[in-house]
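I have placed the structure first, in the form of structure tokens, so that the comments after it can refer back to it.
Heavy-atom basis, side chains included; hydrogens, waters and symmetry copies ignored.
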Amino acid sequence: MMSKHQHLYVVIEHEDGIPVPVSLEMLGEARRLIDDFNKKYSSDEKVVALVLGHNVRKLCEELIFYGADAVIYADSPELRYRRNLIDTKVISQIARNREIVAEFSGISDFVKPRYMFFGADSIGRHLSSTVLAELESGLASDINKLVIEDLEIKHEHKTKGQPMIYEKTLEMYRPDFSGFLWTTILCLDNRNPAIEREYHPQACSIIPGVFAPIEPDKSRRGVIVDYVPEFEERDLQVRIIDRKIVKSAVDFDSHKAVISFGKGIKDSPEQNIKLVSELAKEIDAEVGISLPISKKPFPVSQGINSTYMIPDRVIGTSGRKVAPLLYIAVGISGAMQHIAGMKESGFIVAINPDENSPIRDECDIFIRGRMEDVIPLLIEELKKQRPTVEVKK
Amino acid sequence: LATTTKDLNVAVIVKLEPDFSEGNVSYNADGTLNRAETKSILGPHSAIASNAAFYAKVKYGARVAVGTMGPPIAESALQQAQLLCDADELHLYSDRIFAGADTLATAEVLKAGVSKVEGGKVDIVFSGHRASDGETGQTGPQTAWKLGYTFLGNVIDYDVDLQSRLVRARRLISLQGFYDVIEEVEAPLPVFISTDPSYKAFFNTVSQRLAFERYQKEAKSRAENYKQFLKVLNTQQLGINPKLVGLPGSPTIVYKVERIPKAKASRKAEVIDGTNRDLIARVAANMYEVLEGMVIK
């Protein structure tokens with residue numbers, strides 16, 4: 001049976017043709033989900049990558065190796081850099097375009113994609129919001145697990161309290177702000193006659209670093225469909241005047257060591273953060289934080305506040321996933337959401353006064369003690385030993 | 001006091017959120033937030049958005065309106081925002097049927113609310129980066145889209161050319177696995193700005209600093225009498241289709257909430273006494289070895 005809603009569209013992010021990692025991660029997860037889907041429902045739905053850019057056909061070819069069945073490629077000099085307004089319009093045009101779909105899956109009564117993925121980063125987060133506002137459907141953010149199932153739903157509004165089967169429903173799991181709870185979000189049509197309404201695509205933004213890309217396979221075949229976007233003159237008045245590349249204020253990737261602190265700094269937050277940053281300097285480590293710290297639970301000076309207590313430094317499911325050679329967790333109890341972000345690290349040292357903290361099960365060396373006592377001692381010893389063992393950059 | 005000019009109208013959308021600061025926040029035994037025992041405040045990102053609106057007031061004499069969707073208690077967020085941005089108007093969009101809304105249904109209410117300010121002639125709408133409880137960061141851009149305003153996210157500073165009616169903003173974009181980009185963008189009014197957590201306002205001239213102090217004083221006295229500035233608007237007054245808001249207007253539902261399962265212990269830690277200098281010296285040596293790429297067994 002043909003459906004008005006078919007296929008999984010993945011919005012690809014790239015920098016001049018080089019994919020941002022989450023793009024390939026999303027494609028990998030899309031591939032796995034759709035393979036299972038096609039087997040389970042004996043169907044032939046596709047993983048469709050959307051690329052907006054200029055002179056990046058090579059990227060489109062690569063995306064097929066990474067799992068796309070089809071790539072819809074909108075090429076224009078106007079699309080070289082991301083601008084929310086025109087990107088939203090182009091993606092929405094594509095999402096509603098039946099002719100494009102005919103290029104890779106034959107004639108159908110396609111109206112809109114069944115599912116849609118975006119990266120949960122500073123571009124995808126906003127783009128997903130505006131695209132789904134335009135397509136008037138539901139969006140879940142910061143997802144780290146996906147399942148497709150037929151579900152029986154009984155909902156006051158959606159089904160007017162009657163049990164109904166929703167087929168092929170995307171279960172979108174998102175860790176909540178506490179780091180302890182997982183919320184499953186569904187995007188469902190209103191079948192209640194009083195408010196009847198169709199909601200597709202079922203869409204989400206996906207946390208970078210959660211899913212694995214598939215091994216690229218150069219023998220994979222797919223279709224690249226060129227799409228010629230149309231722009232409105234007024235929209236092009238939004239202009240990018242200048243673009244400066246800056247070193248990330250927070251740069252976990254190019255450091256061999258990461259040192260993170262959590263609520264254990266509480267006895268003297270200002271002093272303790274300074275201690276942590278001193279230790280970080282000593283071993284050239286980047287500084288991370290646990291999620292609760294980004295909520296600014298302690299009063300500290302403005303400088304410390306804007307440098308350290310910021311979302312960009314959060315390590316865990318609601319932040320970044322890191323895997324440095326050396327990870328030092330200071331005053332971090334070890335909530336699951338934090339562990340998920342650092343457990344792949346090479347060697348893990350925890351500094352904590354409470355030997356029963358869960359972090360003890362996740363580290364190689366557990367230093368029992370108050371950070372106020374341990375860190376100065378550690379810094380002293382690191383300084384002493386520095387001349388004999390020089391850290392190469 | 002200089003009267004505010006009609007040249008620029010701005011609006012701020014704010015949210016009342018749990019206060020996560022130590023002493024005000026309360027957690028249940030299982031680590032989840034105890035909402036009943038936790039105090040509420042103007043969200044920290046909403047406060048940044050309010051500061052951005054205040055900049056428009058100080059620099060361009062803008063008229064400022066603040067709006068929020070929520071139950072009556074949410075007016076305290078409006079009061080706190082007024083203290084920050086010297087708002088001329090406070091709007092509370094409040095109706096039982098708004099409850100349980102997802103971001104799209106919330107954006108529908110906020111769009112209607114902003115359209116009520118100055119007969120819909122708002123040049124810039126500000127919102128925060130994300131709420132510290134919901135954390136989706138979707139409501140701002142979705143409201144922008146429904147309003148038909150150009151959305152500018154992650155804005156770290158901005159200026160307006162009142163003659164040409166153009167905004168110039170700098171945005172901070174992190175490209176995962178690459179680098180950060182500071183992008184300068186120009187857009188015709190109206191625009192919707194969501195402020196980056198690192199947003200900063202610069203007041204360079206003496207007259208700006210004087211205006212800053214003047215408006216700040218005014219804000220203080222206004223916030224003490226904030227009810228004078230407050231309008232409460234319901235579905236009917238906002239002219240909203242009830243099918244598009246609250247639970248009936250939400251495409252998404254929360255299907256289930258569960259505890260994130262605890263993984264099995266993955267490492268066997270050696271526990272050492274943090275006051276023992278010899279042991280710490282060994283840890284320091286281990287650290288250098290690890291950083292040199294040697295494997296510790």
Side-chain angles (χ1 to χ4, degrees), chain A residues 15 20-22 84-85 121-122 125-126 129-130 133 137-138 141 157 177-178 180-187 195 199 208 237-246 248 256 295 297-298 310 325-326 336 343 347 360-369 373-374 377-378 381-382 385 389 391, chain B residues 20-22 31-33 132-133 135-138 141-142 145-146 150-151 153-154 173-188 197 243 247-248 251-258 260 262 265-267 269-275 280-281 283-285 287-288 290-291 296:
Chain A
E15 174 79 342
V20 170
V22 69
N84 179 274
L85 180 61
D121 55 21
S122 47
R125 191 182 294 282
H126 296 145
S129 305
T130 46
S137 189
S141 76
H157 299 279
F177 60 86
S178 71
F180 290 95
L181 296 180
W182 227 349
T183 306
T184 306
I185 312 279
L186 309 177
C187 170
I195 52 169
Y199 286 123
Q237 288 175 28
V238 179
R239 297 189 304 129
I240 295 171
I241 310 282
D242 186 37
R243 212 168 168 274
K244 267 194 196 74
I245 289 170
V246 290
S248 298
K256 290 180 179 175
K295 314 281 186 212
F298 310 111
I310 54 174
L325 290 176
L326 172 64
M336 274 319 299
K343 65 175 181 212
F347 192 71
R360 192 185 146 180
D361 291 336
E362 306 291 342
C363 65
D364 299 293
I365 293 183
F366 183 95
I367 305 177
R368 185 185 55 236
D373 305 325
V374 178
L377 204 54
L378 184 56
E381 289 304 322
L382 285 165
Q385 298 182 33
V389 192
V391 182
Chain B
F20 285 95
S21 64
E22 197 76 354
T32 57
L33 185 72
S132 52
D133 49 355
E135 287 202 316
T136 69
Q138 293 172 185
Q142 297 205 313
W145 196 260
K146 283 175 178 272
T150 302
F151 179 76
N154 296 101
I173 305 156
S174 323
L175 289 166
Q176 179 210 3
F178 291 86
Y179 32 67
D180 288 357
V181 172
I182 291 182
E183 176 192 278
E184 194 174 340
V185 58
E186 184 183 85
K243 287 182 184 175
L247 284 165
T252 64
I253 66 161
V254 173
Y255 177 58
K256 59 180 179 194
V257 179
E258 65 200 290
I260 298 177
K262 191 185 174 334
S266 55
R267 298 180 195 234
E270 178 194 356
V271 179
I272 66 173
D273 173 9
T275 57
I280 296 294
V283 173
M287 286 180 173
Y288 281 128
V290 167
L291 293 171
I296 309 272

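- With hydrogens and angles ignored, the 3.5 Å screen pairs a side-chain donor or acceptor of B:Gln142 with a backbone N or O of A:Ser129.
- Nearest approach of B:Leu291 to A:Leu325, heavy atoms of both residues: O-CD1, 3.9 Å.
- Contact count against chain B (heavy-atom pairs under 4.5 Å) is highest for A:Leu186 among A:Val20, A:Leu186, A:Val238, A:Thr183.
- Interface remark: A:Leu85 contributes backbone and side-chain atoms alike to the contact with chain B (heavy atom separation under 4.5 Å).
- Evaluation of the side chain to side chain contact (heavy atoms under 4.5 Å, CB included) rule for A:Ser122 yields B:Asn154, B:Ile173, B:Ser174 as partners, not counting sequence neighbours.
- Counting heavy-atom pairs closer than 4.5 Å to chain B, the top residue among A:Asp373, A:Ile185, A:Ile245, A:Val22 is A:Ile245.
- Here A:Asp364 is the residue among A:Asn84, A:Asp364, A:Asp121 with the most heavy-atom pairs under 4.5 Å with chain B.
- The two residues A:Leu377 and B:Gly274 make their nearest non-hydrogen contact at CD2-O, 3.6 Å.
- Of the listed residues B:Glu184, B:Glu183, B:Lys243, the one with more heavy-atom pairs under 4.5 angstrom with chain A than any other is B:Glu184.
- Annotation for B:Thr136 and A:Ser141: closest pair CA-OG, 3.4 Å, computed over non-hydrogen atoms.
- Remark: A:Ser137 pairs with A:Leu132, A:Cys187, A:Tyr199, A:Pro201 by the side chain to side chain contact (heavy atoms under 4.5 Å, CB included) rule, at least two apart or across chains.
- Annotation for B:Ala281 and A:Glu381: closest pair CB-OE1, 3.2 Å, computed over non-hydrogen atoms.
- With A:Ile367 as the fixed residue, the side-chain contact (heavy atoms from CB on, under 4.5 Å) test singles out one of B:Ile272, B:Thr275, B:Val271: B:Ile272.
- When all heavy atoms are compared, the tightest approach of B:Tyr288 to A:Leu382 is OH-O, 2.9 Å.
- Between the side chain of A:Gln385 and the backbone N or O of B:Ala285 there is at least one donor-acceptor pair closer than 3.5 Å.
- Judged by distance alone, the side chain of B:Lys146 and the main-chain N or O of A:Ala133 form no donor-acceptor pair under 3.5 Å.
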Run the side chain to side chain contact (heavy atoms under 4.5 Å, CB included) check on A:Leu378 and B:Met287 step by step: do they pass?
-> CA-CA 10 Å; A:Leu378 184 56; B:Met287 286 180 173; 3.9 Å; yes
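- Among A:Arg125, A:Arg243, A:His126, the residue making the largest number of heavy-atom pairs under 4.5 Å with chain B is A:His126.
- Taken from CG in A:Asp361 to CZ in B:Arg267, the straight-line distance is 12.0 Å, to the nearest 0.5 Å.
- Distance check: B:Tyr255 OH to A:Thr184 OG1 gives 8.0 Å after rounding to the nearest 0.5 Å.
- Here A:Val246 is the residue among A:Val246, A:Ile365, A:Val374, A:Leu326 with the most heavy-atom pairs under 4.5 Å with chain B.
- The choice from B:Ser132, B:Gly137, B:Pro197, B:Gly153 that makes the most heavy-atom pairs within less than 4.5 Å of chain A is B:Ser132.
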